[in-house]
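Worksheet: one structure, shown below.
So you know, we letter chains A, B, ... as the sequences are listed, proteins then strands, and number each from 1. Values in this document were obtained by computation on a predicted structure and should not be read as measured data.
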Amino acid sequence: MSSTYNHQEIEQKWQKYWVDHKIFAAEDKSRKPKYYCLIEFPYPSAEGLHVGHPRSYTALDIIARKRKMEGYNVLYPIGFDAFGLPAENYAIKTGVHPKIKTEENINNFRKQLKSLGLAFDWSREVITSDPEYYKWTQWIFLQLFKHGLAYKAEMPINFCLDCQVGLANEEVVGGQCERCGSEVIKKTKKQWLLKITKYADRLEKDLAGLDYIERVKIQQKNWIGKSEGARVRFKISSPYQGEVSCLPAQAGSDGGVAESIGQPPLTPPWKGGEIKVYTTRPDTLFGATYMVLAPEHELVQQLKDQITNFSEVKDYIKTSAKKSDLERTELNKEKTGVELYGIKAINPVNNQEIPIWLSDYVLASYGTGAIMAVPAHDERDYEFAKKFNLEIIEVIKGGDVSQAAYTDINDGQMVNSDFLNGLNPKEAIVKMTGWLKENNLGEPAVNYKLRDWVFSRQRYWGEPIPLIFCSACKKSMENSKFQIPNSKYNEGELLNPGWVADENLPLELPEIKEFQASGEGESPLAKLENWVNVKCPKCGGSAKRETDTMPQWAGSSWYFLRYADPHNNKALASEKNLKYWTPVDWYNGGMEHTTLHLLYSRFWHKFLYDIGVVPTSEPYQKRTSHGFILGEGGEKMSKSRGNVINPDDVVKEYGADTFRLYEMFMGPFDQAIPWDTKGVVGMRRFLEKIWIRFNGIIEDDIVGGVFAKEPLSDDKNIKELEILLNQTIKKVSDDIENMKFNTAVSALMILLNKYFDLSISDFAKEKIIFEKFSKNFLILFSPFAPHIAEELWQKLGHNKILLKEEWPKADEAKLKDEEVEIVVQINGKVRAKIKLPSDISEEEAIVAAKADLNIQKYLADQKIKKTVFVPGRLISFVI
RNA sequence: GCCGAAGUGGCGGAAUUGGUAGACGCGCACGACUCAAAAUCGUGUAUCGCAAGAUGUGAGAGUUCGAUUCUCUCCUUCGGCACCA
């Protein structure tokens, strides 16, 4: 007679109810406090939803639902990161327009997401490929451009000769094109870059005030890679012409601390007849016995007349340029190099002449592209010096320099170092840095590993970059000492001469039929002459559009702002809404986005803050991360392995509630975990148990009243249940906040089993007790399995839905039992367990312990040396 | 090489201001129901041992009355970075 658990019927019913009654619509005006939950919006791939997506979505769904019941005005939005390569590749193969395919995929995703009963506010959905959306992506880009944070520079990019197309790093697998398998070469191309390096310092410093999980903070910190040291100038001398620092030496004129950060390789900072180096170890300066320049270093070309072996040098430059990244790292054991004959450098601390070498173990893109080599105290320099028989001078005592470089900065004593002798390395760094500054030979400097963000793609399916190149304007700019207007980043440089902003936004993607890249790896847009050739918005002359598009990261760098006001056509969002909703209170996403999306969007947000568009300097207050879901057997899920689990199948067969519950129960949220269909079945059993037990009571009650008419008197069990109930309220509440969903579910299982075990003995069938139990249980359970919880709640006769009930608070007074089991140990081994009142005194407890028969056996004829008492836990005798 | 996370039953895992190791789920075994099977329900389930008991959280040491938890050394797996001066 009891109805079976029909998940399809129940889930459809409640999903419809939630939509019809706009239960999850966030209110822009509310007296309630706001709470903004965010998950990374998906890329709508043709494969559809992966079981990994709902792990993150369900977790924040639980948070969102809990917050709602706690009285918050909750915003939990969803959208689609719809630009991207797969749709474009599909278009190249099939001719189907990416827009069509993307729309199709989005429809599928929407359907899948809705079937999970997630508490999204669908009325705020955003799609990054929608012109009404990317209008503002383009607008932000133009702000960056106008403030001098976007510039065009030559960059080596990955290029597939076969496909004739530029590839992103992720598309290069083992030096080969991911798509066609042919070789990928480096090709130098002009690219748009964004000066994220200008924000390196703030991006690092501001991490301190954020509630991000530690792993994320550490990874971002390492990625930014801040290091402190000194910049030192070495003069160049030539035996033929004496000193060549006749070029205008820039000594002291730049004084800036981080002048060289993140510059692209071909606009180097070095100038004149000296070599600037960056070092974190100025203490070892007396040990510098040679110098090394990166092969790409500009100075090499400048000094070619003085270099007597220039043809040999040229060959070396050629070979190292040919090496792919793969080779350069694979061959990293054996160092190569060539000495520059005809010139020498002068060590500023002792005026010694030292040789200058060229080697690709020095990177052009870091620091100044040149180093002072201290073989005695740097492993790489040591290896190089050994190979080429260069002088090794020990300046820190502490290791054995004949065997290996001594690199410890925390220990040792300076030797052979004149005024530094006797100091430890750290003291020596301070002293040397001061000395360099006094003598105008160097200054403190900061360096970052972070590079500027390569922002252009030679692709179709992305936001067009709304810039126009005009040669007439270029000339007039050059003549009139171009300044970046209204910019606090104005450096007075002639940046991007000839480029003019197209303010007529959105600049929509034109229709095309041929998606294949054109000619020399240009974007397919370059083929559209009608589109490319335009009138210059500034001077009206003939000009050309930029044909590159933006990377996928563009649209996702600010989407969370749009959710605050998704239909605004005057601004990316209104000031009022941004003030109310931002920052995001809790953002969950994948670790793989830590150094890309997460960092990029922090950068954009800080910029928008600086120009007064957003009210906070950080976008996300709290950041957590989920683990991957692997295939059964622990391998990554992939089509080729054939171990992909389709969420649709699971939802259809077992239901969304089972699916959600399983994903939360399967293991620690932040760890990778294999899928296990047996485990899904276990969750389904649990739901059926709940269904049958509750229905049993509901139906019996209708028929003839299972509930006792008179209060029963089984005090002990009632008390026990009450305590367990309060413990569960506390545990589930805390566990959800800490994302320990697996133990929260387990606590709910324990509570359910306890109640129904006890109800066999009838007492629990007192109506008051059942009502108390069922209300709390269903509220606590509802974020995990919302459909079945609402259904049972309604069947119990309630008119108001569970979501509008209040989240319970544990009664602190009822968390502890009056009587507890205390363990008695002898020499650390458990010998007895006794029941005692929880507030028993030490003396009484010891008396009780000694009264235990088993303990007496062990204590017989023994002397007690020590007794330890932990209230409510244990007594330990040491004999 | 560097940075980070993690090693606990047959499996996923639980337990940390140091205090009963193995919660909860899966699997398995036995029993009940059934002509039978499935489902369901009940009981059991770290290892060795008939038992008393002993052993046991990657390995080894240390601190402690007591260590999965703290310290040191080492091993393995996963993730990230990779000549960053």
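Set against G80(B), G53(B), A23(B), the side chain of Ile750(A) has A23(B) as its closest nucleotide. Relative to the side chain of Tyr858(A), the nucleotides G80(B), G53(B), A5(B) differ in distance, and G53(B) lies closest. For Val878(A), counting side-chain heavy atoms from C-beta on, the closest listed nucleotide (U40(B), C3(B), C65(B)) is C65(B).
Side-chain nitrogen and oxygen atoms of Arg685(A) include at least one within less than 4.0 Å of the OP1 or OP2 phosphate oxygen of G27(B). OP1 and OP2 of G27(B) both lie 4.0 Å or more from every side-chain N or O belonging to Lys678(A). Contact check, Asn753(A) against G25(B): a side-chain N or O comes under 4.0 Å of OP1 or OP2. Considering only side-chain N and O atoms, Tyr361(A) lies nowhere under 4.0 angstrom from the phosphate OP1 or OP2 of A85(B).
Side-chain contact check for Asp676(A) and Tyr662(A): no donor-acceptor pair (N or O, by modelled atom type) lies under 3.5 Å. Looking at Gln219(A) and Thr595(A), their side chains never bring a donor and an acceptor atom within 3.5 Å of each other. For His597(A) and Glu40(A), the side-chain atoms include no donor-acceptor pair closer than 3.5 Å. Side-chain N/O atoms of Ser227(A) and Tyr366(A) include a donor and acceptor closer than 3.5 Å. A donor-acceptor contact under 3.5 angstrom links the side chains of His626(A) and Asn588(A), judged on distance only.
One C1' atom belongs to G18(B), the other to U68(B), and the distance between them is 11 Å to the nearest Å. Annotation: G7(B) and U69(B) have their P atoms spaced 11 Å apart (nearest Å). Distance noted for atom C1' between U40(B) and C78(B): 41 Å (whole Å). Taking atom P on both C48(B) and G9(B), the two are 14 Å apart, rounded to the nearest angstrom. A67(B) sits 34 Å from G1(B) when the P atoms are compared, rounded to a whole Å. Across the C1' atoms, U17(B) and C11(B) are found 33 Å apart, a figure rounded to whole Å. Atom C1' of C50(B) sits at a distance of 40 Å from the matching atom of C75(B), rounded to the whole Å. U77(B) and A82(B) are spaced 22 Å apart, taking the P atom of each and rounding to whole Å.
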Which pairs, protein N/O on one side and nucleotides 13-20 of chain B N/O on the other, fall under 3.5 Å?
{"unit_1": "A14(B)", "atom_1": "OP1", "unit_2": "Asn742(A)", "atom_2": "ND2", "d": "3.1"}
{"unit_1": "A15(B)", "atom_1": "OP1", "unit_2": "Lys740(A)", "atom_2": "NZ", "d": "3.2"}
{"unit_1": "G19(B)", "atom_1": "N2", "unit_2": "Gln825(A)", "atom_2": "OE1", "d": "2.8"}
{"unit_1": "U20(B)", "atom_1": "O2", "unit_2": "Lys833(A)", "atom_2": "NZ", "d": "2.8"}
{"unit_1": "U20(B)", "atom_1": "N3", "unit_2": "Glu821(A)", "atom_2": "OE1", "d": "3.2"}
{"unit_1": "U20(B)", "atom_1": "O4", "unit_2": "Glu821(A)", "atom_2": "OE1", "d": "3.1"}

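Salt-bridge check for Glu653(A) with Arg684(A): failed, with every basic side-chain N at 4.0 Å or more from each acidic carboxylate O.
Residue-to-nucleotide contacts include a donor-acceptor pair under 3.5 Å from the side chain of Lys335(A) to the base of C83(B).
At whole-Å resolution of the value, CD1 in Ile371(A) and C1' in C83(B) are 10 Å apart. Taking atom CZ of residue Phe781(A) and atom P of nucleotide C24(B), one finds them 17 Å apart after rounding to whole Å. Distance OH (Tyr366(A)) to C1' (C83(B)): 12 Å, rounded to an integer number of Å. Look at NE2 on His377(A): it is 23 Å from P on C83(B), rounded to the nearest Å.
A residue-by-residue look at Met591(A) and Arg693(A) shows that Arg693(A) has its nearest nucleotide of RNA chain B further toward the 5' end. Position along RNA chain B of the nearest nucleotide to Thr595(A) versus Asp378(A) favours Thr595(A) as the more 5'-ward residue.
Between the Gln727(A) side chain and the Leu815(A) main chain, a donor and an acceptor come within less than 3.5 Å of each other. A donor-acceptor contact shorter than 3.5 Å links the side chain of Gln220(A) to the backbone of Thr594(A). A donor-acceptor pair under 3.5 Å links the side-chain atoms of His377(A) to the main chain of Ile396(A), judged by distance alone. A donor-acceptor pair under 3.5 Å links the side-chain atoms of Asn854(A) to the main chain of Arg831(A), judged by distance alone. Between the Arg451(A) side chain and the Lys449(A) main chain, a donor and an acceptor come within less than 3.5 Å of each other.
Using a 4.0 Å heavy-atom criterion, one finds that Lys829(A) contacts the sugar-phosphate atoms exclusively. Gly682(A) comes within 4.0 angstrom of sugar-phosphate atoms only, judged by non-hydrogen atoms across all strands, and of no base. The residue Asp735(A) sits apart from the nucleic acid: no heavy atom pair falls under 4.0 Å. Across all strands shown, Ser227(A) has heavy atoms under 4.0 Å from sugar-phosphate atoms exclusively, and none from any base. Among the protein residues, Arg831(A) comes within range of the sugar-phosphate backbone only, with heavy atoms under 4.0 Å from sugar or phosphate atoms but none that close to a base.
Helical stems in RNA chain B, defined as runs of 3 or more consecutive Watson-Crick or G-U wobble pairs with donor-acceptor distances under 3.5 Å: B:1-7 with B:75-81, B:10-12 with B:24-26, B:27-32 with B:40-45, B:46-48 with B:53-55, B:58-62 with B:70-74.
Heavy-atom neighbours of Lys387(A) NZ from other residues, nucleotides or ligands within 6.0 Å: above the threshold of 12.
Classified by its glycosidic torsion, G25(B) falls in the anti category, the angle being over 90° from 0.
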